[in-house]
Amino acid sequence: MTITVNSFLKKTLIHLKLFTLFFMICSSTYFIYNIYNIEKLQNMYITTLNNVYSVARRFGSFYNNTETVALNKGTYVFNGVSVVVKTATNAKILSTGITKLRSKINQLTNNNIWTVAVFETASDYSHFDPLRPAYLKGYDKTAINTIVKNEDLMDTYR
């Protein structure tokens with residue numbers, strides 16, 4: 001009986017050593033692979049962010065050249081883009097530009113965009129593509145202020 005237990009322990013110890021060695025080799029290889037590829041990932045990430053920023057900046061010229069339309073309080077849909085109006089106002093209809101913006105950003109991010117939203121500074125109206133029920137619940141006169149505060153953008157949003 002003693003011989004069987006000793007041989008079992010020796011075999012188990014050998015297997016444990018082999019597993020530990022294999023685990024260390026795999027972990028080290030994975031670690032080296034990550035070190036080698038982190039710079040590639042970082043460059044790809046920065047390039048994507050710069051491209052998204054560039055596309056978003058081009059949207060500004062579309063925004064500046066869009067006419068306004070008088071809208072009463074309510075929710076409107078123009079070309080698949082929702083416009084939420086809190087008080088009657090003259091609103092810019094940005095649906096064409098937002099659709100183009102969304103398609104360009106989707107190309108850059110492999111369709112990983114949840115929503116494209118454009119808030120007016122006065123927050124009388126906002127555009128959403130798509131409008132989700134949670135946005136209607138949380139939307140009020142201070143929506144932009146809440147977003148700026150939650151995202152810690154007080155220094156950059158001025």
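On a predicted model such as this, the values are computed, not experimentally measured, just so you know.
Note that OG1 of T115 and CZ of R102 are 6.0 Å apart. Values are rounded to the nearest 0.5 Å. For the atom pair CD of Q107 and CG of N51, the computed distance is 11.0 Å after rounding to the nearest 0.5 Å. Note that OH of Y53 and CG of L108 are 15.0 Å apart. Values are rounded to the nearest 0.5 Å. A distance of 11.0 Å separates CG in N34 from OG1 in T29, rounded to the nearest 0.5 Å. Rounded to the nearest 0.5 angstrom, N43 CG and T48 OG1 are separated by 10.5 Å. Here the CG atom belonging to N106 is positioned 9.5 Å from the CG atom belonging to L101, to the nearest 0.5 angstrom.
Paired with T75 under the rule side-chain contact (heavy atoms from CB on, under 4.5 Å), one option of V83, V85, L131 passes, and it is L131.
In plain terms, the two heavy atoms of I38 and I35 that are nearest each other are CG2-O, 3.4 Å. Scanning both residues, K92 and N64, for their nearest heavy atoms gives NZ-O, 4.0 Å. Here the shortest heavy-atom pairing between P130 and W114 reads CD-O, 3.7 Å. Pairing each heavy atom of L71 with each of A91, the nearest pair is CD1-CB, 3.7 Å. Nearest heavy atoms, Y63 versus L94: CD1-CD1, 3.5 Å. Considering all non-hydrogen atoms of both residues, G80 and D129 come closest at O-OD1, 3.7 Å.
At a threshold of 4.5 Å between non-hydrogen side-chain atoms, the residues L41 and M44 count as touching. Within the 4.5 Å cutoff, side-chain heavy atoms of R58 are placed close to those of V55.
Clustering ILVMFWY residues whenever any of their side-chain heavy atoms sit less than 4.5 angstrom apart, transitively, puts F128 in a cluster other than the one holding V77. Cluster annotation: V116 and F78 are assigned to distinct hydrophobic clusters (Ile/Leu/Val/Met/Phe/Trp/Tyr, side-chain heavy-atom contacts under 4.5 Å, transitive). Transitive grouping of hydrophobic side chains (ILVMFWY, heavy atoms separated by less than 4.5 Å) keeps I105 and L49 in distinct clusters.
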Go through the steps for S95 and N79 under the test side chain to side chain donor-acceptor pair (under 3.5 Å), then give the verdict. CA-CA 6 Å; S95 58; N79 299 324; 3.2 Å; yes
Does F59 form a side chain to side chain contact (heavy atoms under 4.5 Å, CB included) with V118? I'd like the steps, not just the answer. CA-CA 10 Å; F59 176 76; V118 177; 3.9 Å; yes
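Of the possible polar contacts, none joining the S27 side chain to the M24 backbone as a donor-acceptor pair under 3.5 Å is found.
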